[in-house]
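This report refers to the structure that appears directly beneath it.
Lettering follows sequence order; numbering is per chain, from 1.
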Amino acid sequence: MTIASWLGGRSRAERLATLAALPLLLILAWTVIYPNVSVIAGSFGHWKEFAESPSDVEALKNSIIIAVASVVASLAIGVPLAFLLTRFDFPGRTLLRAAALLPAALPPLVGVISFLFLYGDTGVITRVTQIVLGLKEVPWHLNGIGAIIFIHAYTMYVYVYLFVSAGLERYESSLDEAAIGLGAGTFRRLTRVTLPLLTPAIAGSALLVFMSALGSFSAPYVFGGGIRVLSTQILNSKLNDAIGLAYVETTVLAISAVAGLMLFRWLEGKRLYVAPGKGGASRQPVRSRSARIGLACAAGLIVLVLVLPHLMIVLVSFAKDGAWTTQMLPPEYTTHNYAGLFTTNQLWTPIRNSIVMSVLATAADLVFCVAGAYLIVTRKFSGRKLLETLVALPWAIPGTAVALGLLATFNTNDLAAGKILLVGTFWILPLAYFVRNIPLVSQAVEGSLRQMDLSLESAARGLGASWWMAVRRVVLPAARPGIVAGALLACVTAVGEFVASIVLYTHGNRPISIEILAQLRSYAFGTASAYSALLIGLVLIMALTARIAESRMK
Amino acid sequence: MDEVLGFAHKESRVSGGSDGLIVDAIARSFNGQRAVDQVSFEVRPGELVALVGASGSGKTTTLRIVAGYEQPDSGRVLFGGQDFTRLGPAKRGFGMVFQHYALFPHMSVIENVAFGLEARGVGRAERRQRAGAALERVGLDGKGERMVQQLSGGEQQRVALARAVLIEPRLLLLDEPLSNLDPTLRASTRDELRATLKATKAPALFVTHDQDDAFAIADRIVLLSLGHVLQIGSSEDLYDRPVSRQVAKFIGHATLVHARRHGDSADVTIDGTTHQVALSSFAGLSDGETGAIVLRPEAVEIVPRGEGRGTDGEWPAVVDSRRFAGAGFVYRLRLDHEIVIEVASRSRIDPGTTVGMRVTRPVPMVP
């Protein structure tokens with residue numbers, strides 16, 4: 001009896017596919033399931049501690065409040081903006097449309113820093129407002145829950161905007177026309193027809209915001225003030241050597257995330273329909289002169305707000321370290337910050353680390369996810385559903401929780417228990433990046449493969465091609481857009497990664513984000529910003545590359 | 001002559017005073033392309049009018065202008081003597097059935113049908129009762145609680161119709177109401193649709209690219225091509241009395257043969273021999289003018305060569321090809337090097353055979 005026949009399945013092809021999926025499943029079991037199980041196992045005996053700790057209970061409450069409020073704020077910005085930009089034509093539309101995506105180009109920590117420079121107690125906007133209004137005190141303090149929600153709204157509305165815009169582009173315009181013709185006014189049309197039909201887009205993006213906000217680490221960490229949230233509590237407990245409590249906190253955070261995920265899926269399931277449509281709605285030009293002027297001004301203002309964080313980072317990156325204290329803008333400028341990054345060994349190491357680690361992780365993601373997506377999309381076999389679920393699972397687990405899981409698993413050499421020592425070595429961060437980006441790359445590659453006519457591979461085989469030739473000449477070219485997009489996205493995410501890094505880094509493999517934080521702590525704003533600008537530059541270059549690659553392939 | 005043929009002249013302003021719909025010289029361009037150019041016609045009370053044309057003829061744009069979803073660049077839309085041109089779609093009180101029905105996929109069948117009443121503030125109990133009755137009238141009783149995706153194409157079409165009718169529209173507009181149905185369903189639905197439309201008593205304007213749909217349902221037909229009205233009239237008008245070559249070619253199968261009008265008949269010269277053909281109409285051609293006669297398969301017959309050789313009205317022809325068509329055969333007859341005519345016949349004749357062809361009834365002539 002061969003292994004293949006023992007695996008069951010109706011045909012040889014099915015058994016072969018199961019056999020091929022086995023290594024993938026094993027890797028996922030080892031790097032995704034086992035760490036989470038270890039965390040849960042490690043949490044036993046510490047739950048009482050958690051329940052009796054007022055700061056932990058508060059952290060849970062705050063995390064959920066922040067997640068829900070971030071969803072509400074992102075919807076409040078993203079939905080109207082999507083409607084405005086897809087349904088109406090007005091001066092400044094093109095500019096606003098381009099700027100609307102800018103927050104996505106800010107790596108998590110960088111966004112937080114730019115907000116500090118702009119809206120912090122000594123921030124530029126804060127001071128300008130103070131002077132203009134003639135106030136004695138600063139008009140606001142950028143800390144607490146409000147500040148966290150503020151920056152979440154800025155960075156996360158993009159999900160809502162993108163999803164709802166895509167929904168509106170596909171939206172069958174005759175449905176709105178039918179509602180109008182039957183006598184429905186604007187309000188009834190929106191609430192009874194248009195918005196209900198956009199529920200899949202709205203719910204999908206709301207879920208994304210909820211998950212990101214719940215696991216968000218940078219904003220609460222940098223300007224949470226006295227506010228505790230679960231993700232920061234985990235790091236605190238770990239640093240205080242209360243690892244058992246950290247495991248409980250991690251489990252609670254992961255459970256909250258999965259509960260949120262299930263809640264959204266349930267809500268979505270209740271409205272299970274696909275809005276048909278080929279789009280077709282043309283943008284209405286805004287005719288009224290005053291409305292055009294008003295919209296143009298509003299568009300200009302929004303563009304300014306969207307661009308300011310990027311501009312501020314670039315500006316401060318040229319500021320002389322230590323010179324900017326009480327002035328409104330940095331008083332002295334230099335290019336030394338950038339030069340330093342590439343000439344000082346101490347400053348260059350994090351850049352080299354980030355690039356090497358993200359390339360390694362992305363390469364592993366590509367090999368793993370292309371194989372996984374190929375099996376999931378083109379083959380039927382027992383275990384397919386399991387593979388599909390496991391590949392998506394890291395997405396539902398907040399970064400801090402992923403990091404704690406790896407910490408619990410790869411902290412000792414115990415081959416019998418399936419554990420090897422990676423913590424404290426260079427390899428733990430590439431592993432973390434690899435795990436975190438599995439869902440991203442898989443989804444991109446699967447998406448491309450699903451557009452391929454599945455009979456193409458059979459056709460190639462029928463013409464006498466070997467399996468490898470069929471894959472190389474037919475399947476991989478079909479998957480190429482997804483491979484390129486997935487690889488670039490994974491690279492960008494890994495290069496700027498902060499949340500898992502701060503839990504797992506060592507001095508030797510410290511990535512850019514950790515160095516940015518260190519520079520900030522020593523008030524080297526210029527150097528911190530130069531790193532940040534470098535990250536933004538990398539993101540923009542990769543986004544541009546992806547777009548060019550995409551258009552070339554069409 | 002124009003009047004006799006029901007042909008509204010492009011420039012003419014239709015006189016007001018009608019209770020129905022008057023479309024008066026409307027025009028609409030998209031990106032510099034004329035989609036609708038000086039289109040005028042009317043729909044009288046209780047009348048079913050079809051807008052017929054190939055794709056790109058401007059029929060859907062015309063319908064959307066009547067509905068109020070598009071604004072004409074020039075021209076007017078009048079209803080009951082009032083100018084509706086700048087009125088929003090909701091204020092017109094017209095009911096519309098969209099090409100893909102535009103049923104709300106997140107609502108049940110009955111919610112869809114009742115939506116117009118909901119928008120008018122009718123209470124839940126009353127609107128459900130009225131919507132239920134409307135569903136019964138289109139033969140969908142008991143299916144009110146289904147989701148629209150669970151219905152077949154034909155059922156969806158009836159839901160869309162019930163929804164449009166329930167608001168008691170002053171005018172019903174239908175965009176390709178039958179185009180999503182498979183051929184067998186389509187034929188039976190035609191009669192049903194005509195019966196339902198006649199029962200509502202509201203006038204109706206519907207768009208179709210299929211002349212058979214138009215013949216079966218419409219009282220009158222407005223034939224459009226490239227944004228222009230080619231001819232307006234009953235099915236018989238368009239078929240038997242076309243006003244132009246375009247109309248003759250669009251409606252039914254026809255072969256056009258060059259001819260000269262000569263009183264109530266036309267002279268056709270083939271291979272040096274002149275034949276006389278009786279005319280049923282001549283679209284304003286004056287005596288002695290040249291044009292073309294419209295030969296349709298049912299107006300000609302094949303006679304075996306030799307039977308009436310040389311008699312007047314028999315044209316020599318060679319059988320080019322034969323096609324089996326169930327009830328008989330369809331032959332392509334070659335009269336000379338360029339004229340080929342399709343003729344139906346029950347008898348079996350081999351290609352290459354020389355036969356005679358006879359025109360059996362008066363035929364139309366067009367300029």
Task: Stepwise side chain to side chain contact (heavy atoms under 4.5 Å, CB included) check, B/Phe115 with A/Arg192 - done: CA-CA 9 Å; B/Phe115 187 85; A/Arg192 284 284 281 146; 3.9 Å; yes

Task: Side chain proximity check, A/Leu182 to B/Met96, heavy atoms < 4.5 angstrom - done: no

- [ ] Under 4.5 Å heavy-atom distance to chain A, tell me which part of B/Phe98 shows up: side chain, backbone, both or neither.
- [x] side chain

Task: Polar side-chain atom of B/His100 near backbone of A/Glu172 as donor-acceptor pair, under 3.5 Å - done: no

TODO: Side chain from CB out, backbone as N, CA, C, O: work out which of these in B/Arg163 comes under 4.5 Å of a heavy atom of chain A, or both, or neither.
DONE: both

- [ ] Select one option (side chain, backbone, both, neither) describing which atoms of B/Glu111 are under 4.5 Å from chain A's heavy atoms.
- [x] side chain

Open item on the list: Does B/Lys91 have more than 12 heavy atoms from other residues, nucleotides or ligands lying within 6.0 Å of its NZ?
Closed with: no

Task: B/Gln71 atom CD, neighbour heavy-atom count above 12 within 6.0 Å - done: yes

Task: Smallest separation among heavy atoms of B/His106 and A/Pro196, with atom names - done: CD2-CB, 3.4 Å

TODO: Might you confirm whether atom CZ of B/Phe30 has over 12 heavy atoms from other residues, nucleotides or ligands at distances under 6.0 Å?
DONE: yes

- [ ] Could you tell me whether A/Gln443 atom CD has more than 12 heavy atoms of other residues or ligands within 6.0 Å of it?
- [x] no

- [ ] Please check if atom CZ in B/Arg170 has more than 12 non-hydrogen atoms from other residues, nucleotides or ligands closer than 6.0 Å.
- [x] yes

Task: Note, A/Leu175 side chain near B/Pro105 side chain (heavy atom, < 4.5 Å) - done: yes

